[in-house]
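Working notes for the structure below.
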Amino acid sequence: MATEARPFHLVVLGASGFTGQFVVQEVAREQVIPGLSPRLPWAVAGRSREKLQRVVERAALKLGRPTLPSEVGIIICDITNPASLDEMAKQAAVVLNCVGPYRFYGEPVVKACIENGTSCIDICGEPQFLELMYWKYHEKAAEKGSYIIGSSGFDSIPADLGVIYTRNKMNGTLTAVESFLTLHSGPEGLCIHDGTWKSAVYGFADQSNLKKLRNESNLKPVPIVGSKLKRRWPISYCRELNSYSIPFLGSDVSVVRRTQRYLFENLEQSPVQYAAYMTVGGITSVIKLMFAGLFFLFFVKFGIGRQLLIKFPWLFSFGYFSKQGPTQKQIDAASFTLTFFGQGYGQGFSPEKNKPNMRICTQVKGPEAGYVATSIAMVQAAMTLLNDISDLPKTGGVFTPGAAFSRTKLIDRLNQRGIEFSVISSSEV
């Protein structure tokens, strides 16, 4: 990692955006953790000096750190100005890119970082962007020694590292995992900023291009070990969690599958099949979500429909998404639980022609998912990149979190910061 010649170890790009402000606060917290010596030199970057100063001042106020504004550098740059991005990248060892939707604004940052031998972490949940960056830039990043690591927020560190954690805790060979996400809220309910909504609208509208990209990549299928994981119905009941569930439509499945391919092809690890679901409670919630889903899928097909979806997120999402984002009260009362049900084969028990004879249940629990857990995950990914150099892939490249961090101490770091990994049960069938 090129830290010695660079004035800043970390630069938070898009620091004045809705998610960026949480990342700024998280880096500021990290800066004063005992044992971090020398102090972590870092900066914020974006288009407006005034907005960047305000974000740092707000963080100083919130954390009771009046000297913070004098400790944080400010870099002015613009996504539409490649020269300014080069200048920013030259000053950083690692860029934390918070500027989305990434399909519109992500590539110039990746390009600038690679050109200047800088590493970059993003919190993208858009499979098309993530997969495209791999095909376009993996070799160039390897050549330059840059680590480009996507989906390093709530999308998809808990899922990707959760599968790896489950595999490591199983006394045998893990062959398949289903995960179930449960979002918990307080009396004021859940709310998500409309930046995530916009990414979803554009992603669903452009699904044909993602299929085309995957077809053109012409990858050999990863082998299925043991029994094939059966797909659940679009609405199914999970007895263990006493709740209805629907498929989780985020980036988790895309990211976990790419990680499993990497671990199989590069580290000769047995690949794990994966499916992701989200619990939705009782039948009333199921009906509400069905209507929201049907509206969304109908409107997203047409240009004017997409404009309406983007203009009125609160209306079309039944209040789950808004232009203002969640209130502090909503954030403080929210949390998530991601439960993994794994199956596999005990030592000395062959997967061929036998049913799985091992079961394991693990959990990842954490604070509010979209902004608090995301900023913790992103900053800890960056600290891992800076500190666990010998445990990273030997050369740079474009990686998923699991591919980059499977041998590092990232899970330990997350456990210490409130994103907790644990084994619930493990048994032989």
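Here the structure is a predicted model, which is why all the values come from computation and not from measurement.
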**Study point:** Phe316 and Phe296 aromatic centres sub-6.0 Å
**Key:** no

Check your understanding: Is the NZ or CZ atom of Arg232 both under 6.0 Å from the centre of the six-membered ring of Tyr277 and within 45° of that ring's axis?
Key -> yes

Check your understanding: So which heavy atom on Cys113 is nearest to which on Ile148, and how close?
Key -> CB-CD1, 4.4 Å

**Study point:** Gln31 versus Arg65, side-chain donor and acceptor atoms under 3.5 Å
**Key:** yes

Review point. Run the side chain to side chain contact (heavy atoms under 4.5 Å, CB included) check on Tyr320 and Ile192 step by step: do they pass?
Key: CA-CA 6 Å; Tyr320 285 116; Ile192 304 167; 5.5 Å; no

Exercise for review: Salt-bridge test for Lys140 and Glu115: reply yes if a basic N is under 4.0 Å from a carboxylate O, no otherwise.
Suggested key: yes

Review point. Hey, what's the ring geometry for Trp197 with Phe321, parallel, tilted or perpendicular (30° and 60° as the breaks)?
Key: tilted

Check your understanding: Would Gln380 and Glu30 satisfy side-chain hydrogen bond (donor to acceptor under 3.5 Å, both in side chains), going step by step from the backbone distance to the final call?
Key -> CA-CA 9 Å; Gln380 291 315 312; Glu30 193 64 29; 2.8 Å; yes

Review point. So, are Asp412 and Arg417 salt-bridged, with charged N and O less than 4.0 Å apart?
Key: no

Exercise for review: Determine whether the aromatic ring centres of Tyr371 and Phe154 lie less than 6.0 Å apart.
Suggested key: no

Check your understanding: Taking only residues two or more places apart in sequence, or in another chain, which ones meet Thr196 in a side chain to side chain donor-acceptor pair (under 3.5 Å)?
Key -> none

Review point. Parallel, tilted or perpendicular for Phe18 and His193, by the 30°/60° rule?
Key: parallel

Study note, to complete from the structure: Applying side chain to side chain donor-acceptor pair (under 3.5 Å) to Gln363 and not counting sequence neighbours gives Thr339

Review point. Does the pair Arg407/Asp388 count as a salt bridge with the N-to-O cut at 4.0 Å?
Key: no

**Study point:** Test ring pair (Phe, Tyr, Trp, His ring centres under 6.0 Å) applied to His138 and Phe399, step by step
**Key:** CA-CA 8 Å; His138 180 66; Phe399 298 104; 5.7 Å; yes

Exercise for review: Give the minimum heavy-atom separation between Ala404 and Ile149, together with the two atoms involved.
Suggested key: CB-CD1, 3.6 Å

**Study point:** Flag if over 12 foreign heavy atoms under 6.0 Å of NZ, Lys323
**Key:** yes

Practice item. Answer yes or no: are there more than 12 heavy-atom neighbours, outside Glu240 itself, under 6.0 Å from its atom CD? Key: yes

**Study point:** Check ion pair Glu57-Arg54 (N to O, under 4.0 angstrom)
**Key:** no

Review point. Is Glu139 atom CD crowded by more than 12 heavy atoms from other residues, nucleotides or ligands, each under 6.0 Å away?
Key: no

Review point. Taking 4.0 angstrom as the limit, do Glu131 and Arg258 come out as a salt bridge?
Key: no

